[in-house]
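Step one of this worksheet: look at the structure below.
Keep in mind the model is a prediction, meaning the values are calculated, not measured. In each ligand, atom 1 is the first atom listed, and ligand 1 is the first ligand listed.
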Amino acid sequence: MTRSVLVVGANRGIGEAVAREFVRAGDRVAGTHRGSGVAVDGVFGVKLDLVDAGRVADAVAEVTAHQGAPEVVVLNAGLTRDGLLARMPEEHYREIIEVTQLGTFRVVQRVLPAMAKARTGSIVLVSSASARAGSPGQANYAAAKAALEGFARSVALEYGRRGVRINVVAPGPVDTDMVAVLTDEQRQALIDQVPLGRLARPEEVAEVVRWVAGSTYVTGATIPVTGGGALGW
Ligand SMILES: NC(=O)c1ccc[n+]([C@@H]2O[C@H](COP(=O)([O-])OP(=O)(O)OC[C@H]3O[C@@H](n4cnc5c(N)ncnc54)[C@H](OP(=O)(O)O)[C@@H]3O)[C@@H](O)[C@H]2O)c1
């Protein structure tokens, strides 16, 4: 049975791979972007900047009108504003919290009523291994991602009886634009921490997202996709 899937942040990187994965599975897929459009064939593009709280309802309504209320929602959008804490401007902290936490809250709150009414739904939040392992220079990012886990567990408890599941996927370093901005030395330092000895490909995260989204008895869980890194969380 095809599902109505919404991928937030589908225009590049992991989100684009996730959108492609659901298209390949035969689902009806919508993906958000901030003006670039979405390049994956068969994906319905919807403009959404998570900072724009007032736009979320309209974006979800556009998806619903096009392909039915979202039954699977992947919150993949994310960003970094790295810096040592002593010199981190409050604005850089606030921006990460705004997009990661409030953005997630806004979208999840908007899609849940239809899922609860239909007594089925699956939400996947893309976090990061640094949420538990910590990451120097990323106090803002790690804190915001860690909060997603508490959020997901609470929603899992609130909505389990209504047939809605929510899970977190926590990747280690993935070969996308987010890592491309690092120096060769920083990139190698990341790889050195991974027992599999390489970065993940976006598709390797996407297949886990698709799997957990379609599972039937997993909820409130955090699934590491770290190549063996950050063991012993
Ligand atoms: N790459 C890694 O090593 C890694 C590791 C662990 C976790 N993650 C997480 O995986 C997710 C995807 O990362 P990626 O590596 O694919 O990053 P990416 O290539 O930098 O893509 C980030 C995505 O988030 C979107 N986005 C950023 N700010 C947004 C906002 N205010 N509203 C809506 N969308 C926004 C971007 O849209 P624009 O193109 O418009 O900017 C883009 O679609 C993120 O949550 C990231 O934290 C990545």
Side-chain angles (χ1 to χ4, degrees), residues 6-21 30-40 43 45-56 58-60 73-82 91-92 94-107 123-135 137-138 140-149 151-152 168-182 186-191 193-194 196 198-206 208-209 222-227 229-230 233:
L6 169 62
V7 181
V8 177
N11 57 303
R12 57 192 172 105
I14 295 169
E16 184 178 297
V18 168
R20 191 170 287 116
E21 185 80 20
T32 76
H33 60 89
R34 292 193 291 174
S36 64
V38 178
V40 183
V43 172
V46 178
K47 199 168 169 193
L48 175 64
D49 189 325
L50 289 170
V51 169
D52 186 356
R55 169 77 193 131
V56 173
D58 287 346
V60 172
V73 175
V74 181
L75 269 300
N76 161 81
L79 77 167
T80 51
R81 289 285 180 267
D82 295 354
E91 189 46 36
H92 286 188
R94 193 188 306 278
E95 196 181 348
I96 299 289
I97 299 293
E98 169 91 18
V99 174
T100 308
Q101 292 185 23
L102 283 171
T104 298
F105 161 75
R106 288 166 185 153
V107 174
I123 297 165
V124 182
L125 311 182
V126 180
S127 173
S128 165
S130 57
R132 293 193 190 181
S135 177
Q138 292 195 310
N140 49 359
Y141 180 79
K145 292 298 198 184
L148 294 182
E149 293 193 27
F151 177 85
V168 177
V169 169
V174 186
D175 198 2
T176 68
D177 294 344
M178 201 172 265
V179 168
V181 297
L182 302 179
Q186 288 171 321
R187 187 185 167 93
Q188 192 54 50
L190 285 177
I191 292 171
Q193 291 168 35
V194 178
L196 290 184
R198 62 176 177 83
L199 302 176
R201 288 180 285 107
E203 296 73 26
E204 292 175 304
V205 179
V208 176
V209 170
T222 295
I223 317 245
V225 188
T226 64
W233 279 356

Report the part of [X] in contact with ligand 1, treating N, CA, C, O as backbone and CB onward as side chain, heavy atoms under 4.0 Å; options are side chain, backbone, both, neither.
| X | answer |
| --- | --- |
| Asp49 | both |
| Thr176 | side chain |
| His33 | neither |
| Pro202 | neither |
| Val179 | side chain |
| Leu48 | backbone |

Quick one, [X] and [Y] - any side-chain contact, counting heavy atoms below 4.5 Å?
| X | Y | result |
| --- | --- | --- |
| Arg34 | Leu48 | no |
| Leu75 | Val126 | no |
| Glu91 | Arg81 | no |
| Met178 | Thr80 | yes |
| Val74 | Val8 | no |
| Val168 | Val124 | no |
| Lys145 | Thr100 | yes |
| Val179 | Gln186 | no |

Protein contact to [atom] [nearest heavy atom, distance to 0.1 Å]:
| atom | value |
| --- | --- |
| atom 35 (C) of ligand 1 | Ala77 CB, 3.6 Å |
| atom 17 (O) of ligand 1 | Met178 CE, 3.7 Å |
| atom 40 (O) of ligand 1 | Arg34 NE, 2.9 Å |
| atom 2 (C) of ligand 1 | Val174 N, 3.5 Å |
| atom 36 (C) of ligand 1 | Arg12 NH2, 3.9 Å |

Just jot down the ligand 1 atoms closer than 4.0 angstrom to any heavy atom of [X], in number order.
| X | value |
| --- | --- |
| Val126 | 9 (C), 10 (O), 11 (C), 45 (O) |
| Gly78 | 22 (C), 24 (O), 27 (C), 44 (C), 45 (O) |
| Pro173 | 3 (O) |
| Ser127 | 6 (C), 7 (C), 8 (N), 9 (C) |
| Asn11 | 37 (O), 38 (P), 39 (O), 40 (O), 42 (C), 43 (O) |
| Gly9 | 43 (O) |

Does an N or O from Leu50, backbone or side chain, lie closer than 3.5 Å to an N or O of ligand 1?
-> yes
4.0 Å heavy-atom contact, Gly172 with ligand 1 | yes
Could you establish whether Glu16 and ligand 1 come within less than 4.0 Å of each other, counting only heavy atoms on the residue side?
-> no
Out of Asp52, Ile14, Asn76, the nearest non-hydrogen contact to atom 44 (C) of ligand 1 is supplied by Asn76
